[in-house]
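When reading the values below, keep in mind they use all heavy atoms of this one structure, side chains included, and skip hydrogens, waters and symmetry mates. Naming convention: chains lettered A, B, ... in sequence-line order (proteins, then strands); numbering from 1 in each chain. Predicted model, so just to flag it, every value in this text is computed and none were measured.
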Amino acid sequence: MTVSISNTLGGQREPFAPLDGTHVKMYVCGMTPKREPHIGHARLFVAMDMIRRYLTYCGYEVEHVQNITDVDDKIIAAAEREGITADAVAQKYTDAYDAVMGRLNVLRAHVFPKVTETLPQIIAMIEGLIEREAAYVAEEAVYFSVPGFAAYGALSTRSEDSGIQAGASGRVDDEPGKRDPRDFALWKPAKPGEPWWSSPWGQGRPGWHIECSTMIYETLGARIDIHGGGADLIFPHHENEIAQSEAYTGEQPFAKYWLHTGLLTIDGQKMAHSLGNFITIEDILESYSGPVLRLYLLSVHYRSPLTYTPESLEQARAGMARLTGALRAQAGGAGSADEQLTQAAQRAEAGFFDAMNSDFNSAGALGQLYELVRDINRLSADAQPAALESAQGTLVSLADVLGIDLQEVLEAELAGGDGDASGFIDLLVELRADLRKEKQFALADKVRDELAALGILLEDSPSGTEWRRKA
RNA sequence: GGCGACGUAGCCAAGUGGUAAGGCGAGGGUCUGCAAAACCCUUAUACAGCGGUUCGAUUCCGCUCGUCGCCUCCA
């Protein structure tokens, strides 16, 4: 059974076969660090992380590069707004990104190229494109010549006479010397006060698209296996990348598999900084743990649109409590259910990998985990410790493939939190046990209720009382 | 206007050419001093609508409607 991938290029699901054996070159269009990352960003990066982890699990060596667009109109605007330099803005929000991705258990890319550190290479690539007559120097800027690139529109399935010209109209006036409405800037002049770099075409900065082509060429080479990004980047950004890269290297396909995540919407609209309707990842993490947010994002197939609602996060929290709950199950039997448990674990494992092999269907894979949870809870009383622990081990290791560390979440439920109040909680639990012995149930229940209000959940069992924190 | 994606129960969400995983919520039980957790049962005359292909479609094709996205910065 091999992994199959839905490829935006071609619109088909295809078996995954890297260009070079088991080596996978993966590039993800990263952040423009201009504001705090929001949960739409989280969706992309968690999805790509899940894919990277799964491929790695399958034995591939994934080389992951993710750019940082630290030069951009919005960054310049943010610098003015915040009264700091553009560099400082980029650094501030790059740090914000790092902090939050760590909590979501997103593995760091192996390389994070920045535009500001790639200028000579970008200029060299533009020069190369001009030499190849794929680009031309206009009055103020350098443009890529789209009419010279026959395959233009293949990714976004747009033809010249469909929407591209109509959409580009109105921009032509602002760009003197541009020959075709579809042509796009590789280099543009700096306006007064903007950051700039010297180039053969004067002081200016790169266009948006060229950076990715250059960074990929410099870090991964002429051709890569996987190129990922949000669905909103298909056109024009990724279309333009293909044109630049293939025109420059003469090799194609530039990227073998194009993976795009469905956009996250809120109140019927795409979540975006520019629309002002965003919820930052940090905001969510005030109320929910990283693993819960990650679970939420993986509960929907990465290509589907995802509508954010507060309720869906509550559902994810409940789901997480269910997953860790199965880890707290105790073996209580002589082993009459051992065989059933073993089979349940095998069934879940097989279903899990079937789902994951089908275009990284994390939602379907999670469904298998929940089934295993039910079987563990149902059968634990009649199982021996070894069989139960084995099934629980399967649950933990499958969740781990998705980047969800159930052991860690469980430990956080049992201890963790700010400061360590465990001693005091244990004391209250003991006192309550005494009250219960004295049949002072009103007081005992008060202790329980008050603790619950503080997020500490008590569960009585014949063997005593256990407590945990709300996920 | 053009291009694309999506439309499954109260909600979230997988999936399949042969009559629909899972989760949340709700109701009823078991357990419990009462709870909680867990388990069991119940909660879709059928997957937006209309046609078509097929022995048979939710699952393929066409159209319609709706939602979202892209065509301008955008994950």
Side-chain angles (χ1 to χ4, degrees), chain A residues 8 11 28-32 34 37-45 47-48 69 72-74 77 153 156-159 161-171 174 182 208 228-237 239 260-265 268-275 295-296 299-301 303-307 309 311-323 325-326 328-329 351 354-355 358 361-374 376-381 436 439-442 444-445 448-449 452 457-462 465-468:
Chain A
T8 306
V28 176
C29 270
M31 286 287 297
T32 299
K34 60 181 187 289
H38 58 64
I39 50 181
H41 298 119
R43 157 105 127 147
L44 168 70
F45 298 121
M48 292 300 151
T69 303
D72 171 88
D73 291 346
K74 301 275 176 62
S156 57
T157 62
R158 284 161 212 243
S159 57
D161 53 16
S162 64
I164 296 172
Q165 282 190 316
S169 66
R171 294 270 300 159
D174 303 323
R182 296 172 297 162
W208 174 34
D232 52 351
L233 296 186
I234 296 170
F235 188 90
H237 185 56
E239 197 73 71
H260 291 102
T261 54
L263 298 179
L264 186 136
T265 61
Q269 262 197 319
K270 175 173 76 162
M271 182 175 288
H273 281 144
S274 56
L275 295 171
L295 178 66
Y296 163 66
S299 296
V300 183
H301 186 92
R303 291 187 83 88
S304 301
L306 172 59
T307 304
T309 60
E311 295 75 41
S312 50
L313 267 173
E314 281 300 322
Q315 293 188 1
R317 168 181 274 164
M320 182 61 84
R322 195 162 161 73
L323 291 172
R328 293 184 288 121
D354 274 352
S358 301
N361 182 359
S362 57
L366 282 168
Q368 297 297 320
L369 259 44
Y370 289 118
E371 293 206 44
L372 179 55
V373 164
R374 191 188 59 225
I376 286 173
N377 288 332
R378 185 164 55 91
L379 299 168
S380 59
R436 290 179 70 210
K439 306 245 184 253
Q440 300 211 41
F441 295 122
D445 290 352
R448 183 176 63 198
D449 294 344
L457 308 176
L458 267 50
E459 292 177 14
D460 299 328
S461 74
T465 298
E466 302 213 334
W467 64 268
R468 64 190 167 88

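- Residue contacts for A318(A): at a heavy-atom cut-off of 4.0 Å it reaches the sugar-phosphate backbone alone, with no base atom in range.
- Side-chain atoms of T265(A) lie closest to C68(B) of the nucleotides A14(B), C39(B), C68(B).
- Remark: the separation of the P atoms in A35(B) and G10(B) is 30 Å, to the nearest Å.
- Comparing G25(B) with G15(B), their P atoms sit 24 Å apart, to the nearest whole Å.
- Using atom P as the reference point in both A9(B) and G4(B), the two lie 27 Å apart (nearest Å).
- Side-chain to base pairing of D232(A) with C73(B): no donor and acceptor N or O lie closer than 3.5 Å to each other.
- Using N1 to N3 plus N6-O4 or O6-N4 for Watson-Crick, or N1-O2 and O6-N3 for G-U wobble, each under 3.5 Å, A14(B) pairs with nothing.
- At a cut-off of 3.5 angstrom, the base of C73(B) holds at least one donor-acceptor pair with the side chain of K74(A).
- For the pair Q315(A) CD and A14(B) P, the interatomic distance rounds to 13 Å; values are reported in whole Å.
- Regarding contacts with the backbone of A75(B), a side-chain N or O of T32(A) is found under 4.0 angstrom from either OP1 or OP2.
- With distances taken from any side-chain atom of N361(A) to the nucleotides A14(B), G4(B), A75(B), the minimum falls on A14(B).
- Taking atom C1' on both U43(B) and C12(B), the two are 16 Å apart, rounded to the nearest angstrom.
- Here the straight-line distance linking atom OG of S274(A) with atom NZ of K34(A) works out to 7.5 Å at 0.5 Å rounding.
- Residue-to-nucleotide contacts include no donor-acceptor pair under 3.5 Å from the side chain of E371(A) to the base of G22(B).
- In this structure, the CG atom of L275(A) is 13 Å from the C1' atom of C70(B), given to the nearest Å.
- Within the 4.5 Å cutoff, side-chain heavy atoms of R322(A) are placed close to those of R374(A).
- Distance, Q368(A) CD to G15(B) P: 12 Å, rounded to whole Å.
- Closest contact between the side chain of E459(A) and the listed nucleotides A37(B), C24(B), C3(B) involves A37(B).
- Within the 4.0 angstrom heavy-atom criterion, only backbone atoms of the sugar-phosphate kind lie near Q269(A); the bases stay farther away.
- Rounded to whole Å, the separation between the P atoms of U58(B) and G7(B) comes to 16 Å.
- Taking the P atom of each, A14(B) and U72(B) are spaced 31 Å apart, rounded to whole Å.
- No engagement by G11(A) is indicated, since no non-hydrogen atom pair under 4.0 Å with the nucleic acid exists.
- Checking the phosphate oxygens (OP1, OP2) of A5(B), no side-chain nitrogen or oxygen of R303(A) falls inside 4.0 Å.
- Taking the six-membered ring for Trp and thresholds of 30 and 60 degrees, H273(A) and H38(A) have ring planes more than 60 degrees apart, a perpendicular arrangement.
- One atom, CZ of R322(A), and another, P of G25(B), lie 10 Å apart when rounded to the nearest Å.
- Closest to the R448(A) side chain, of the nucleotides C71(B), A35(B), A75(B), is A35(B).
- Within 4.0 Å (heavy atoms only), G325(A) reaches no atom of the nucleic acid at all.
- Between D445(A) and R468(A), the one whose closest nucleotide on RNA chain B sits nearer the 5' end is D445(A).
- At a threshold of 4.5 Å between non-hydrogen side-chain atoms, the residues L306(A) and T261(A) do not count as touching.
- We find that OH of Y296(A) is positioned 16 Å from P of C11(B), with the value rounded to whole Å.
- The base of C24(B) lies outside donor-acceptor range of the side chain of E314(A), with no N or O pair under 3.5 Å.
- Per the stacking criterion (ring centres < 5.5 Å, plane angle < 30°), F441(A) stacks onto the base of G33(B).
- At a threshold of 4.5 Å between non-hydrogen side-chain atoms, the residues R448(A) and D460(A) count as touching.
- Of all nucleotides listed (C6(B), G33(B), C70(B)), C70(B) comes nearest to the side chain of R158(A).
- When the nucleotides A35(B), A14(B), A75(B) are ranked by their closest atom to the side chain of T261(A), A75(B) comes out on top.
- Side-chain contact check for P305(A) versus T265(A): every heavy-atom pair is 4.5 Å or farther apart.
- Residue L369(A) is out of contact with every strand shown, counting any heavy-atom pair closer than 4.0 Å.
- Among the heavy atoms of the strands, none lies under 4.0 Å from G351(A).
- Not a single donor-acceptor contact under 3.5 angstrom links the side-chain atoms of R378(A) to the base of C40(B).
- Contact check on E459(A) versus R328(A) returns a salt bridge, with a Lys/Arg side-chain nitrogen under 4.0 Å from an Asp/Glu carboxylate oxygen.
- Annotation: E466(A), atom CD; neighbour count of heavy atoms from other residues, nucleotides and ligands within 6.0 Å does not exceed 12.
- A donor and an acceptor atom never sit less than 3.5 Å apart when one is taken from the side chain of R43(A) and the other from the base of A75(B).
- Residue contacts for I234(A): at a heavy-atom cut-off of 4.0 Å it reaches no nucleic acid atom on any strand shown.
- Here the CE atom belonging to M48(A) is positioned 9.5 Å from the SG atom belonging to C29(A), to the nearest 0.5 angstrom.
- Rounded to an integer number of Å, the gap from CG of L458(A) to C1' of C34(B) is 13 Å.
- Between R317(A) and G23(B), a side-chain N or O to OP1/OP2 separation shorter than 4.0 Å is absent.
- Counting non-hydrogen atoms under 4.0 angstrom, H38(A) reaches a base of the nucleic acid.
- The side chain of C29(A) lies closest to A75(B), out of G23(B), A75(B), C6(B).
- Atom name P, nucleotides U59(B) and A48(B): the rounded distance is 8 Å, in whole Å.
- Between R374(A) and G22(B) there is a side-chain polar atom (N or O) within less than 4.0 angstrom of OP1 or OP2.
- The line from CG of L264(A) to CD1 of I39(A) is 5.0 Å long, rounded to the nearest 0.5 Å.
- With hydrogens and angles ignored, a donor-acceptor pair closer than 3.5 Å exists between the side chain of R436(A) and the base of G33(B).
- Look at C60(B): its Watson-Crick or wobble partner, with both distances under 3.5 angstrom, is G52(B).
- In this structure, C6(B) and G66(B) make a Watson-Crick or G-U wobble pair, each of the two defining distances being under 3.5 angstrom.
- G23(B) sits 16 Å from A13(B) when the P atoms are compared, rounded to a whole Å.
- Among the nucleotides A14(B), A75(B), C39(B), the one closest to any side-chain atom of L44(A) is A75(B).
- Distance NZ (K34(A)) to P (C73(B)): 12 Å, rounded to an integer number of Å.
- Nearest-nucleotide positions on RNA chain B for L457(A) and G319(A) put G319(A) closer to the 5' end.
- An OP1 or OP2 oxygen of C39(B) is reached within less than 4.0 angstrom by a side-chain nitrogen or oxygen of N377(A).
- Atom pair D72(A):CG and U72(B):P shows a separation of 17 Å (rounding to whole Å applied).
- Within the 4.0 Å cut-off from OP1 or OP2 of C6(B), not a single side-chain nitrogen or oxygen of K270(A) is found.
- Nearest to the side chain of S274(A), among A75(B), G23(B), C73(B), sits C73(B).
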